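Notes follow once the structure below has been shown.
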Amino acid sequence: MIGTIYNVCMILIGSVIGRFLHKGLKPQYQTILTQALGLVAMVVGINAVVENMPKSHYPIMFILSLAIGGVIGQWLNIQKHFDNLVGRFSGGGNLAEGLATAILLYCIGSLSILGPIQAALNKDYTFLFTNGTLDGITSIVLASTFGFGIALAAGAVLAWQGSIYLIAMMLQSSINTSMVTELTIVGGVLILASGLGLLEIKKISVLNLLPALIVPIVGVMIIQIF
């Protein structure tokens, strides 16, 4: 868990730095930073999909994942509950959108998924240290645009990477590259969708699609059993 703790600390430190930048940042600079983040999210998402799609053994898995996950997420209405919860603490503004983007960028990426697995199976923290450094820089930009509330994403990272670490420890022989590949493809699509929202091209209820991340894990396990 050393790598995950480092990752969380870097996000918190970056958020503190970004908070002070946010106080003196003029609206036009906040706008351009938001647009920059939107472009970054789109590029990261597209790269995740393009890089992993050729490795996929189940090319329709991401389609089923988004469809099934979207229906479940809409039924649970995750986006609305999240927006209401964040709204209580943010006093308005667009923190909810920024926080949702932060959580996706921090959690859904090869380093953030493979890092805890490498740490659990091989005691190798290289991926997590690298990911933490990148997240620290990203949190400075996010917090300078959306405020210190971005630090809340550190809790999501701790829960996400901690869960992967514990699962990898318990199911060492069951973790395989197919699960990671399918999960990363779906995650890439969600990050891309988040970028579209930041650029005001298309507003998508990304959080309602989050259950789609569970489908490829369950799907690959079922396929491999039969």
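The structure presented is a predicted model; accordingly, all values stated were derived computationally and were not measured.
Residues S139 and G14 approach most closely at OG-CA, 3.1 Å, considering heavy atoms. Contact detail for A143 and S15: the closest heavy-atom pair is CB-O, 3.5 Å. The nearest pair of heavy atoms linking S65 to A212 is O-CB, 3.1 Å. The minimum heavy-atom distance between G149 and L99, with the atom names listed, is O-CD1, 3.6 Å. Of all non-hydrogen atoms in Y58 and E182, the two that sit nearest each other are O-OE1, 3.5 Å. When all heavy atoms of L183 and L213 are compared, the pair lying nearest together is CD1-O, 3.2 Å.
Taking the side chain as every heavy atom from C-beta outward, V220 and M179 approach each other to under 4.5 Å. Looking at heavy atoms from C-beta onward, W160 lies out of side-chain contact with T4 at the 4.5 angstrom threshold. The shortest distance between side-chain heavy atoms of I185 and M61 does not fall below 4.5 Å. Inter-residue side-chain proximity for L66 and L190 is flagged as met; some heavy-atom pair is nearer than 4.5 Å. Looking only at side-chain heavy atoms (C-beta outward), I204 and L209 come within less than 4.5 Å of each other. With contacts defined as side-chain heavy-atom distances shorter than 4.5 Å, the pair S112/D135 does not qualify. You'll find the side chain of V43 stays beyond 4.5 Å of the side chain of I46, heavy atoms only.
Hydrophobic clustering (ILVMFWY, side-chain heavy atoms < 4.5 Å, transitive): V206 and W75 are in one cluster. Follow the hydrophobic side-chain contacts under 4.5 Å out from L39 and you reach V49 in the same cluster. The hydrophobic cluster containing V50 also contains I191, counting ILVMFWY residues as joined when their side-chain heavy atoms lie under 4.5 angstrom apart, directly or transitively. The cluster map of Ile, Leu, Val, Met, Phe, Trp and Tyr, joined by side-chain heavy atoms under 4.5 Å apart, puts L207 and V71 in different clusters. By the rule that hydrophobic residues join a cluster once side-chain heavy atoms approach within less than 4.5 Å of another member, Y165 and I5 end up as members of separate clusters.
Rounded to the nearest 0.5 angstrom, T133 OG1 and I137 CD1 are separated by 7.0 Å. Taking CG from L128 and CG from N7, the interatomic distance works out to 6.5 Å, rounded to the nearest 0.5 Å. A distance of 11.0 Å separates CE in M10 from CG in N131, rounded to the nearest 0.5 Å. For the atom pair CD1 (I68) and CD1 (I63), the distance works out to 11.5 Å, reported to the nearest 0.5 Å. Taken to the nearest 0.5 Å, the CG atom of N52 stands 8.5 Å off from the CG atom of N47. Considering CG of L152 and CD1 of I11, their distance stands at 11.5 Å, rounded to 0.5 Å.
Judged by distance alone, with hydrogens and angles left aside, the side-chain atoms of N208 form no donor-acceptor pair with the main-chain N or O of G70 at under 3.5 Å. The closest donor-acceptor contact from the side chain of T181 to the backbone of S56 lies at 3.5 Å or more, if one exists at all.
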### Task
Take V186 and V215 through the side chain to side chain contact (heavy atoms under 4.5 Å, CB included) test and state the conclusion after the steps.
CA-CA 9 Å; V186 176; V215 179; over 6 Å; no

### Verdict with reasoning, H57 to I223, per side chain to side chain contact (heavy atoms under 4.5 Å, CB included)
CA-CA 11 Å; H57 297 293; I223 290 173; over 6 Å; no

